[in-house]
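A short worksheet on the structure shown next.
For ligands, and for the atoms within them, numbers begin at 1 and follow the listed sequence. Here, residue 1 is the first one in the sequence, and each next residue gets the next number.
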Amino acid sequence: MTINDADVPALTIARIERQLAGGELTSLELTRACLARVEAIEPRVGAFLTVLADDALTQADAADAARGDGARGPLLGVPLALKDNLCTTGRPTTCASKILADFRPPYDATAVARLRRAGAVFLGKTNLDEFAMGSSCENSGFHPTANPWDLARVPGGSSGGSAAAVAAEMCPGALGSDTGGSIRQPAALCGVVGLKPTYGLVSRYGLVAFASSLDQIGPFARTVEDAAILLEAIAGHDPLDSTSAPIEPPAFRRSLGRPVAGLRIGLPKEYFIPGVVPEVESAVRAAVEALAAQGAEVIELSLPHTDYATAVYYLCATAEASSNLARYDGAQYGYRTPATRNIIEMFTRTRTEGFGAEVKRRIMLGTYALSAGFYDAYYLKALKVRTLVRRDFERAFEQVDVIATPTSPTPAFKAGEKTADPLQMYLSDIFTISANLAGLPGISLPCGFTAAGLPIGLQLIAPAFGEERMLQVAHAYEQSQEWWKRTPALAL
Ligand code: GLN
């Protein structure tokens, strides 16, 4: 069978798996169709920084050959996209920063290596806010990405390219990273599923560090099942990441389809506040009612330190970033200024020319928070409040199995709307940040659309290593609705 690129939208990873296994489809046909779709749509969306067409076709060919030799697996021959802060051997890994414009890592991130071993095909590297700092993809050092549902709006960020690529059906799945919401918020704004795993479940080896105590790699997909398939492939202990948990991850897909009757769902009152757009709040409440209709019990609760989460995050994340980004000095790798008279000038000019405005803002904020005389007042205080945020969740999970909230207080906003006011931009993550501070897993999945046709995301948060339960509830909701089947009307 030859598939037409118009068929790509109907394809989920689970369906591709069946079609490839049944011989109705080859990876080469599918990869060609995805690449054709990238070619047709990408000029309007701008989801990719690098399209790796030749690599992808070679990998697809190899996957088909391996299948012919008896190899199997849910991702064998499946085309995926990778956020461009995940290291890929010999291929550009820019973090959407001019300072890494020509960087080609000599190794794969562990998550990438695991997908490669599973036989996945890599279509390319997707756009992000520079070094994953942002909520709109407008901080990319190269170009912005448009939201496939409304090209005048942002896809969210920082993993906006991965979210947009999946939403525009250029590929059935992608990887992103989430430090304060960078998988879940763009998933919500683009109407796809995005999952941030428990801190330590997925190795961070080869993920270019932003804030090491918060960063996690996770999947984007069109369905909860597909997200579970991707998570299964990338999760698990890795000796190359000292913060990777020494556990054997369960087969996440197996929990799907179990009934949710009797499960307790918590609604934290701090997440249903006046700043939430009414259409978002009512869609999220309707989603919780749909779960209640399946027998789940809904319990109102409080996470009293929620108000401090954004401030704590912007101290911890910037402090860690200021330290992590010290390595970009022009001496070891990446951009080096051509005009240098001495080493101090080389460092200064390299960083001045190489980093964008938001990255510089974060480095300055973080350096300030860590500096002598301010450390106790800012960074240390933030760490203490971070513990209080975590305890809020520990207490809440004594009463409930999962917590349900809006993923983002608003649907996708207009490009340029928040660029002049960093604080407004930071507030777009108020509901996602706490899960990172507490190290907890979170998922965003579509739960409706605004009257203007913009997707709305439901966030579920679970206890640490509670991904199975979280996926079970997400799947039960998803399958009771038709939202996930909607696709943006991008003309082919
Ligand atoms: N938008 C948040 C920030 O700007 C979160 C980014 C992320 O999760 N990488 O820091």
Side-chain angles (χ1 to χ4, degrees), residues 83-86 95-97 126-141 144-145 154-163 174-190 194-197 199 202 204 207-220 309-322 324-325 355-366 369 382 386 407-410 412-413 417-419 421-444 457 459 461:
K83 187 178 183 179
D84 207 25
N85 60 353
L86 292 160
C95 289
S97 181
T126 57
N127 200 15
L128 62 151
D129 290 291
E130 186 177 1
F131 282 102
M133 297 173 185
S135 310
S136 69
C137 255
E138 293 163 293
N139 295 339
S140 168
T145 296
V154 303
S158 63
S159 317
S162 287
L175 291 190
S177 67
D178 190 312
T179 306
S182 277
I183 292 175
R184 291 159 289 156
Q185 185 258 18
L189 271 47
C190 288
L195 187 154
K196 180 201 94 74
Y199 186 80
V202 176
R204 291 181 296 109
L207 166 66
V208 179
F210 162 10
S212 311
S213 78
L214 300 159
D215 299 338
Q216 265 295 287
I217 298 168
F220 285 94
T310 306
V312 168
Y313 170 83
Y314 278 97
L315 286 166
C316 292
T318 58
E320 293 183 33
S322 78
N324 274 326
L325 272 59
F355 288 136
E358 182 62 25
V359 175
K360 287 176 189 158
R361 183 179 297 124
R362 305 269 180 126
I363 292 172
M364 286 189 276
L365 275 170
R386 182 173 178 180
T407 307
S408 165
T410 69
F413 44 92
E417 195 178 314
K418 300 190 183 188
T419 37
D421 185 349
L423 196 57
Q424 277 309 311
M425 192 70 93
Y426 295 174
L427 289 177
S428 112
D429 302 304
I430 46 172
F431 297 153
T432 45
I433 274 170
S434 295
N436 300 78
L437 292 175
L440 304 175
I443 190 169
S444 179
Q459 175 176 236
I461 301 173

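In the vicinity of F210, heavy-atom distances shorter than 4.0 Å reach the ligand 1 atoms 9 (N), 10 (O). Annotation for ligand 1: atoms under 4.0 Å from non-hydrogen atoms of A132 are 6 (C), 7 (C), 9 (N). Within ligand 1, counting atoms from 1 as listed, the ones closer than 4.0 Å to a heavy atom of S158 are 9 (N). Proximity to G180 (heavy-atom distance under 4.0 Å) selects the following atoms of ligand 1: 5 (C), 7 (C), 8 (O).
The shortest N/O to N/O separation between G157 and ligand 1 does not fall below 3.5 Å. Checked against a 3.5 angstrom limit, the closest N/O atoms of M133 and ligand 1 fall outside it. Below 3.5 Å of separation, one finds an N or O of G181 facing an N or O of ligand 1. Residue T179 has at least one N or O atom closer than 3.5 Å to an N or O atom of ligand 1. The shortest N or O to N or O distance between S177 and ligand 1 is not under 3.5 Å.
With a 4.5 Å cut-off on side-chain heavy atoms, D421 and K418 do not count as touching. For the pair Q216 and V202, the minimum side-chain heavy-atom distance is below 4.5 Å. Between I443 and R184 the shortest side-chain heavy-atom distance does not fall below 4.5 Å. Residues Q424 and F413 have side chains not in contact (no heavy-atom distance under 4.5 Å, counting atoms from C-beta outward).
Nearest non-hydrogen protein atom to atom 2 (C) of ligand 1 is D429 OD2, 3.2 Å. Scanning the protein for heavy atoms near atom 7 (C) of ligand 1, the closest one is S182 OG, 2.3 Å.
Residue A317 places every heavy atom at 4.0 Å or more from ligand 1. Within the 4.0 Å heavy-atom cutoff, R362 counts among the residues contacting ligand 1.
Considering S136, S158, S444, S408 in turn, S408 is the only one that fulfils the side-chain contact (heavy atoms from CB on, under 4.5 Å) rule with Q185.
Going from atom OG of S159 over to atom CG of N127 covers 10.5 Å, rounded to the nearest 0.5 Å.
Note: Y313 and F210 have perpendicular aromatic rings, judged against thresholds of 30 and 60 degrees for the angle between ring planes.
Counting heavy atoms closer than 4.0 Å to ligand 1, residue Y313 contributes side-chain atoms (C-beta onward) but none from N, CA, C or O. When non-hydrogen atoms are compared, ligand 1 lies under 4.0 Å from the side chain of Y314 (C-beta onward) but not from its backbone.
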